[in-house]
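I have placed the structure first, in the form of structure tokens, so that the comments after it can refer back to it.
A, B, ... follow the sequence lines: proteins, then strands. Residue 1 opens every chain. What's counted below: heavy atoms across the whole structure, side chains too, no hydrogens, waters or symmetry copies.
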Amino acid sequence: TVYAYPHIGNWFTFVRYDLLVRTLRASGYEPRWVMNITDVGHLVSDGDEGEDKLEKGARREGKSAWDVAKFYTDYFVQGLERMNIAAPTYLPKATEHIQEQIDLIKRLEERGFTYTISDGVYYDTAKFPRYADFARLDVDEQQAGKRVEFNPEKRNVSDFALWKFSPKDQIRDMEWNSPWGKGFPGWHLECSAMSMKYLGETMDVHAGGIDHVPVHHTNEIAQTEAVTGKPMAQCWMHTNHITVNGEKISKSLGNGITLEDIEKQGFSLMALRLHVLESHYRSQSKFSWESLAAASNRLKDYRAMADLRFQPATSESNELTELDYDQYQQDILAALQDDLDTPTALSILSRVSGERTSSISAHEQPAFERFLQFIDDALGLQLLASSDATSEQKQLIAQRQTARDNKEWQTSDNLRNELGKQGIGIRDTEYGSIWYRL
RNA sequence: GGCGCCUUGGCGGAGUGGUUACGCAGAGGUCUGCAAAACCUUUUACGCCGGUUCAAUUCCGGCAGGCGCCUCCA
């Protein structure tokens, strides 16, 4: 929903979707990935009756709802790129599929699943007997109105709006004509309408946050399956949430850390990405600056390993034990294919980086580079994004070596400092001087 | 009130009925012109109480604590 800046909890989830796509690709599939943009507001009851998040956001920022949606949509798409999340095949917008949504309501209406009350057209969940099954809901025991005022016109507590009428005394930025009156679609509707358009009546995998199980996904299923009579998805993937200081992230708690905050603290977004992979998507995991720093250091090791491809390779005659990179690759892929077990995948990668700290052999270089390419494809850590040291820097390294050979320590240290200013560190190993990025 | 989840070493985080997860951090050492890095060694685990079992962190029950959902939310 594009009404505000996404926080890191959102990005955790998006990275996990990305891992699914990358794992499928590494396994020989070419998934069609649809990520829908909710650019028409949901109903809220933050005490502002008749307003929704987008309209509210617009008023807050002194713009129209359309401007707000566009602004945050653009920001979101850029964020996907910044986090190195594979580009979805389709990014359909709810506002561009109003007709499809109206058509879906018509089909539901024909089948007798709808009824109209003063503020909109509703879905009668009692007409869909399997309604509570998906989330194992105990609808009768759920306390209606405990947190939100219950609309007494609704037939059942769990009934939800398919089409909301615009308030009589108000002109909304976003509203459309429909057979039932001027208004706007309920927010569960777009997912059913757009998924059927782009993925057919049954999709292979439907992903989403764990929080959506009881309401949103339940409602999606009710809408879609009432019309198709087929399962909406073969498989559901629900990502758990992260907590910050033991609490969930929410705007009201003011702990919504953004990508900008991450960078402001001096961390790269790839460090954040690695941090996401360190926990399993089903687990509720914790975010802290300390653990992000740990991930950042870990990434530095991986990068130093990747940069070995620029260093002088050792001859084949030395004692460096050859590694079976293909085997490591297979093991990592197997871990990912096992319910996206990224923690295990990383433990294998760390084993390799622990073995390759100073040098690689000329003989294994091609396999090593294939391995790095696989890691970048599967995990998206951009290890191959770094470039070689410049020829000037390499010259300085050589000069320093000469100075050391002549025991001109002052000169040698000066050169090391100079390289350090350029972000290049030097380590003197048994294989010679190796540079790495500070 | 209803539904569900969690509790692992300094931090993060996997996993398993009997065998090192992994990462980060800490300590000591080797190496080094000095560093850095690397390498070696090292410290502390499975909330509490019962039960099942030859054996439980890993299964069962209870207790304590924490969290999530039942509003929009990743």
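- Contact check, A:N297 against B:rG23: no side-chain N or O comes under 4.0 Å of OP1 or OP2.
- Note on ring orientation: taking the six-membered ring where Trp is involved, the planes of A:Y198 and A:H97 are perpendicular (angle over 60°, cut-offs 30° and 60°).
- Between the side chain of A:R404 and the base of B:rC34, no donor-acceptor pair of N or O atoms lies under 3.5 Å.
- One C1' atom belongs to B:rC59, the other to B:rG17, and the distance between them is 8 Å to the nearest Å.
- Comparing the P positions of B:rG13 and B:rA38 gives an interatomic distance of 24 Å, to the nearest angstrom.
- No engagement by A:I434 is indicated, since no non-hydrogen atom pair under 4.0 Å with the nucleic acid exists.
- Classified by interplanar angle (parallel below 30°, tilted 30° to 60°, perpendicular above 60°), the ring pair A:W11/A:F76 is parallel.
- OP1 or OP2 of B:rC24 has not a single side-chain nitrogen or oxygen of A:S296 nearer than 4.0 Å.
- Atom name P, nucleotides B:rG10 and B:rU43: the rounded distance is 14 Å, in whole Å.
- Listed pair A:K286 / B:rC67 fails the phosphate criterion, with no side-chain N or O lying under 4.0 Å from OP1 or OP2.
- Summary of the strand contacts: A:F14 and A:S412 both lie near RNA chain B, and taking for each the nucleotide with the nearest heavy atom, the more 5' one is attributed to A:S412.
- Ion pairing of A:D413 with A:R416 is present here, as a side-chain N (NZ or NE/NH1/NH2) and a carboxylate O approach within less than 4.0 Å.
- Remark: RNA chain B takes part in the stems B:1-7 with B:64-70, B:10-12 with B:22-24, B:26-30 with B:38-42, B:47-51 with B:59-63, each of 3 or more antiparallel Watson-Crick or G-U pairs, criterion distances under 3.5 Å.
- Evaluation of atom-type donor-acceptor distances gives no pair under 3.5 Å for the side chain of A:N240 against the base of B:rG68.
- A salt bridge links A:K264 with A:D261: at least one charged nitrogen is closer than 4.0 Å to a carboxylate oxygen.
- A donor N or O paired with an acceptor N or O is not found under 3.5 Å between the base of B:rA14 and the side-chain atoms of A:H280.
- For A:R298, the listed nucleotide lying nearest its side chain is B:rG23; candidates were B:rC72, B:rA36, B:rG23.
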